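I'd like to ask you about the structure that follows.
Keep in mind that what you see is a predicted model, and the values were worked out from it rather than measured. Below, all heavy atoms of this structure are taken into account, side chains as well, without hydrogens, waters or symmetry copies.
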Amino acid sequence: MASHDPRVDAYIAKAPDFAQPILEHLRAVVHAACPEVEESIKWSCPHFLYQGKLLCSMAAFKQHCAFHFWHGKDVVGGKEKEGMGQFGKLTSTKELPTKKELIAYVRKAMSLREAGATRQRAATVRKAPPKVPDDFAAQLKKHTAARKTFEAFSPSAQREYVAWITEAKTDATRQKRIATSLEWLAEGKHRNWKYQT
């Protein structure tokens, strides 16, 4: 017997009237294709897991629904359509592929999970260290402890100090911020150290 999570029942019951048949249909198709599927609520919407890993999900919004495969490009191919998921903003079951096609997609997603497929993370672009203003750079040269701390910080931590100094409206405020920065850096503190736990 298929495992139905009562939280998913409640989610569907609270969905807008147009969405309920779409969600029920998708749920039935996933269970038909994958009798071992487990249901859960993640990120506030129903997800289906296979062998303990995310397989697909569905969601209802005010005016549309969405259905999403975790390995969407490998399962369905092409780009995701407007809205969340590979099938666009759904307002009726007629906008979905046939039941046979959906079952084939679910089984393809299952075989990807069985093969140990993982999603590739987008490559993170590292920003270069910030350009240090001349007056701050001159003061850092004089204060060895502050300079060493600043140079050891990540570019983002360095940018926090540079932004704080360069955003000063008056020269007096700027000089005060430079002095404070040197003091905090000499103590090994990040710009927002008061808020760190």
Side-chain angles (χ1 to χ4, degrees), residues 1-128 154-157 159-160 163 167 192 195-197:
M1 169 101 185
S3 167
H4 284 75
D5 188 322
R7 296 173 300 165
V8 176
D9 294 327
Y11 182 94
I12 293 171
K14 290 179 185 174
D17 290 343
F18 81 90
Q20 292 178 14
I22 299 169
L23 299 175
E24 289 289 359
H25 176 72
L26 290 169
R27 187 185 202 186
V29 167
V30 172
H31 279 277
C34 180
E36 307 88 19
V37 77
E38 298 169 44
E39 295 182 348
S40 185
I41 296 287
K42 294 180 180 293
W43 301 288
S44 302
C45 64
H47 280 67
F48 299 95
L49 291 83
Y50 177 60
Q51 296 180 343
K53 296 185 179 176
L54 294 173
L55 186 70
C56 54
S57 64
M58 61 185 187
F61 302 97
K62 288 182 182 178
Q63 298 182 347
H64 71 276
C65 290
F67 187 54
H68 172 79
F69 283 99
W70 194 248
H71 292 283
K73 288 181 184 177
D74 295 325
V75 173
V76 180
K79 293 184 176 181
E80 289 193 7
K81 296 183 180 179
E82 184 182 354
M84 181 177 82
Q86 291 82 32
F87 305 98
K89 294 181 176 182
L90 303 166
T91 57
S92 163
T93 55
K94 293 175 185 173
E95 297 168 343
L96 285 165
T98 65
K99 182 177 179 181
K100 184 177 178 179
E101 290 172 311
L102 283 172
I103 286 174
Y105 288 145
V106 172
R107 289 187 176 148
K108 189 171 184 181
M110 291 168 60
S111 64
L112 286 167
R113 278 299 184 202
E114 289 167 355
T118 57
R119 282 179 31 166
Q120 296 295 321
R121 290 183 179 251
T124 54
V125 178
R126 288 194 160 263
K127 292 184 180 178
S154 66
S156 62
R159 271 191 291 282
E160 289 176 352
E167 290 169 358
N192 294 307
Y195 307 106
Q196 295 174 329
T197 54

Flag, side chain of Y11 to backbone of A60, donor-acceptor distance under 3.5 Å: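 Such a contact is found between Y11 side chain and A60 backbone.
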Rounded to the nearest 0.5 Å, how far does NZ of K53 lie from CG of L55?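 Output value for this atom pair is 12.0 Å.
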Spatial distance of atom NZ (K99) from atom NE2 (H25) [nearest 0.5 Å]: 7.5 Å
What is the minimum heavy-atom distance between E39 and D5, and which atoms define it?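 It is OE1-N, 2.7 Å.
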Got H31 and H4 here, is their nearest side-chain heavy-atom distance under 4.5 Å? yes
For S92, side chain to side chain donor-acceptor pair (under 3.5 Å) partners two or more places apart: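 Testing S92 for side chain to side chain donor-acceptor pair (under 3.5 Å), a comparison that skips the adjacent residues, returns none.
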Test item: P97 and Y105 side chains (from C-beta on) under 4.5 Å apart, heavy atoms: yes
Sub-3.5 Å donor-acceptor pair from the side chain of Q20 to the main-chain atoms of A15, do we have one?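 Yes, Q20 side chain to A15 backbone: donor-acceptor pair under 3.5 Å.
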Nearest non-hydrogen partners of S40 and L49, listed with the distance: CB-CD1, 3.7 Å
Here the gap from H64 atom NE2 to I22 atom CD1, rounded to the nearest 0.5 Å, amounts to 10.0 Å
Once you round to the nearest 0.5 Å, how far does NZ of K100 lie from CG of L102?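 The NZ atom of K100 sits 13.0 Å away from the CG atom of L102.
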Rounded to the nearest 0.5 Å, how far does CG of L26 lie from SG of C65?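 One gets 7.5 Å once the value is rounded to the nearest 0.5 Å.
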Sequence neighbours excluded, the answer for ring-ring contact (aromatic ring centres under 6.0 Å, His included) partners of H47 is W43
Identify the heavy atoms of M58 and C45 that sit nearest to each other, and give their distance. O-CB, 3.5 Å
Any side-chain heavy-atom pair from L23 and P46 closer than 4.5 angstrom? no
Minimum-distance pair of heavy atoms, taken over all atoms of K62 and F18: O-CE2, 3.3 Å
How many angstroms lie between atom CZ of F67 and atom OG of S57, to the nearest 0.5 angstrom?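 Separation between the atoms: 7.5 Å.
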With a 4.5 Å heavy-atom cut-off, do F69 and F87 have their side chains touching?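 Contact flag for F69/F87 side chains = yes.
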Test item: Q86 side-chain N/O and K73 main-chain N/O as donor-acceptor pair under 3.5 Å: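 Here the side-chain-to-backbone pair does not exist.
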Taking all atoms of both residues into account, what is the closest heavy-atom pair of I12 and R27, and its distance? CD1-NH1, 3.9 Å
For residues Q63 and T91, report the shortest heavy-atom separation together with the two atoms involved.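 In terms of heavy atoms, the two residues are closest at O-CG2, 3.4 Å.
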